[in-house]
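What follows is a set of notes on a single structure, which appears directly below.
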Protein chains: 2
Amino acid sequence: MRQQVAKLAGVSEATVSRVLNGVGPVKEETKQRVLAAAAELGYVPSALAQRFARKKSGNLGVVLPYVPKVPLFSTYYFSEMLGGIGEEAQAQGYDLLMLFRKPEQPRDYTALFQAHKVDALIILGARDTALDRGALEELERSGHPFCVLNQRYAARGNEPPFMTVDADHWSGSRAAVRHLVDIGCSRIVFINGPAQYSNSLDRRAGYDRVLAESGLELREELVLAGNYSRTSGYALTDQLEALIRAGDADAIFAANDRMAIGAMQGLRERGLEAGRDYALCGYDDADAARMASPQLTSVTVPFHEMGQIAARRLLQQDGEPKISAASTILPVQLVIRESSRSRQ
Amino acid sequence: MRQQVAKLAGVSEATVSRVLNGVGPVKEETKQRVLAAAAELGYVPSALAQRFARKKSGNLGVVLPYVPKVPLFSTYYFSEMLGGIGEEAQAQGYDLLMLFRKPEQPRDYTALFQAHKVDALIILGARDTALDRGALEELERSGHPFCVLNQRYAARGNEPPFMTVDADHWSGSRAAVRHLVDIGCSRIVFINGPAQYSNSLDRRAGYDRVLAESGLELREELVLAGNYSRTSGYALTDQLEALIRAGDADAIFAANDRMAIGAMQGLRERGLEAGRDYALCGYDDADAARMASPQLTSVTVPFHEMGQIAARRLLQQDGEPKISAASTILPVQLVIRESSRSRQ
């Protein structure tokens with residue numbers, strides 16, 4: 001086909017390649033002749049060939065943790081961030097390449113660039129582990145543009161080590177616990193997620209801070225461990241029921257809505273209702289928070305906007321991704337609903 | 001770098017290219033020498049270059065309808081299908097390339113293959129419109145492997161026109177309406193989605209059939225139009241309230257859970273409760289169906305499995321996608337919950 005285009009335009013095949021791949025010097029008049037001939041013959045140049053010549057894939061890569069049987073896309077947290085990333089990628093003419101990585105699989109982030117699979121990379125579900133940190137540091141050294149979403153890492157000197165977009169979970173957690181104290185609760189159970197996420201550490205710091213500010217004793221037996229799944233909240237039913245019935249707990253703050261809803265469902269089976277027998281506050285403000293009954297008090301996190309901002313930063317400047325280590329932290333918002341009605 | 005590999009291995013650069021791209025005849029001994037030299041020098045051959053040589057992208061494309069402000073990934077329907085597709089792609093070593101298409105944007109499906117962006121394509125959210133059908137017919141003629149998910153098209157002769165994976169929505173709809181009749185309802189409102197989806201037509205056919213079988217009159221004023229969004233169900237609140245209060249409706253069957261939940265929320269604001277003042281049945285069995293209160297009677301659709309099957313069909317035979325026009329229809333299952341308690 002390229003041969004026919006060359007023939008029709010009266011130029012060499014090499015010239016056709018240069019024009020269609022947008023590389024090398026070609027006179028404007030020649031260029032127009034080649035494009036006209038290509039259009040006439042209905043020749044679609046291979047985008048891959050073009051990008052190969054320009055070392056571009058046209059893809060924005062998104063790394064996602066892969067766990068068999070876990071409906072990741074159904075998780076409000078991931079789906080909202082992906083929606084924001086997708087919206088911005090679409091606006092900038094990029095396609096999204098989803099890259100699933102198993103938790104303990106080596107993180108070959110740099111190889112994705114070397115192999116020209118992606119032009120920039122957004123990493124979701126990153127943890128503060130040696131494996132994840134090492135891969136990010138290698139990527140940082142390689143100079144490829146990437147952004148870590150909803151996870152922070154300790155600063156190096158005064159500089160953030162990587163470009164990150166996060167939300168202010170410390171303030172969100174404080175607002176949630178402060179609200180529970182304000183409505184008269186003093187024995188607040190905290191269900192947190194794993195410590196390898198900065199999210200969990202931020203929430204814990206906010207919880208500790210409000211207790212201290214309010215003159216409430218920090219009791220480690222009220223800090224329970226979940227893993228951000230609904231099941232992990234539900235699995236705490238026995239412990240939670242015992243604490244509430246013994247008068248040792250009058251409120252529950254869960255580090256996300258899924259765990260809050262799991263706990264709420266378990267306690268309902270034991271005759272204990274959120275908003276009546278105990279106050280309940282979740283985090284994330286997922287669709288489920290509004291659909292639950294009673295509706296769940298929660299903290300709205302702008303996941304969609306976080307995804308958009310990360311993609312925009314990476315893809316800005318007309319498709320020439322630029323790297324810059326900068327940390328962006330977006331505000332969050334407490335939303336009070338029925339599950340934490342004022343107590344008499 | 002390639003030059004250095006050639007030097008170290010004592011072969012020509014062309015030979016290095018042939019070995020690293022896996023094309024052309026090379027003696028086994030030479031091949032081993034080149035690979036050893038490449039490994040020693042830490043040379044990562046470009047996957048894009050390799051695939052370019054083999055005309056392979058290593059990507060399974062997924063076409064998704066793009067509508068600004070609609071959180072597509074948060075939709076149970078799409079997220080579950082994507083989860084199944086992603087699981088299978090991961091198992092087969094493929095990455096997922098998400099391709100957003102605006103509803104009225106030209107469908108350049110064939111160009112995606114010509115440009116070597118994808119090796120196979122799964123199309124979600126396809127409609128029975130001239131635009132969509134035309135693009136699929138062109139793709140069919142081009143011989144590229146693709147599959148349409150959760151949408152069927154009229155057969156050509158005895159043959160399905162394209163490879164499709166769908167669920168048995170006709171039987172699902174019948175089971176739902178039959179259940180409402182069985183618990184004593186006789187004035188069943190049906191909230192359907194747009195007719196450009198075979199899903200909607202199947203549900204309507206099931207509804208009509210059960211009314212006829214049960215000797216119930218088909219009243220067009222009980223068939224209401226939504227668009228599968230929660231808002232579109234909520235927007236029918238006035239009409240639904242009037243029908244129920246006038247005794248002209250004792251049940252609602254909505255073509256998906258989102259519309260059912262929207263209607264339920266609207267009616268609750270008017271003091272009408274599902275499972276008490278009227279029976280309610282949704283469709284899809286989304287997470288929201290179980291989290292709603294009262295829990296929603298619904299029809300379980302194996303979206304995850306549908307995605308897996310479509311991906312498996314396309315990617316089978318060790319990464320050599322094969323095309324075959326075949327229609328697969330998976331069974332669905334009615335799940336009875338509180339929103340359609342037996343009526344006295």
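To find a chain, count down the sequence lines: A is the first, B the second, and so on, and within it residues start at 1.
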Output the distance between atom [atom1] ([X]) and atom [atom2] ([Y]), rounded to the nearest 0.5 Å.
| X | Y | atom1 | atom2 | result |
| --- | --- | --- | --- | --- |
| A:Ile85 | B:Met98 | CD1 | CE | 10.5 Å |
| B:Leu97 | A:Asn59 | CG | CG | 5.0 Å |
| B:Gln90 | A:Arg101 | CD | CZ | 7.5 Å |

> B:Glu88: what forms a side chain to side chain donor-acceptor pair (under 3.5 Å) with it, not counting sequence neighbours?
Replying inline: B:Gln92, B:Arg312
> For chain A, which residues from residues 264-274 of chain B lie under 4.5 Å away (heavy-atom distances)?
Replying inline: B:Gln265
> Are more than 12 heavy atoms from other residues, nucleotides or ligands located less than 6.0 Å from atom CD of B:Glu137?
Replying inline: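 Correct, the count exceeds 12.
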> What part of A:Ile261 gets closer than 4.5 Å to chain B, counting heavy atoms only: side chain, backbone, both or neither?
Replying inline: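 The side chain, not the backbone.
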> Which heavy atom of A:Asp95 sits nearest a heavy atom of B:Lys117, and at what distance?
Replying inline: OD2-NZ, 2.8 Å
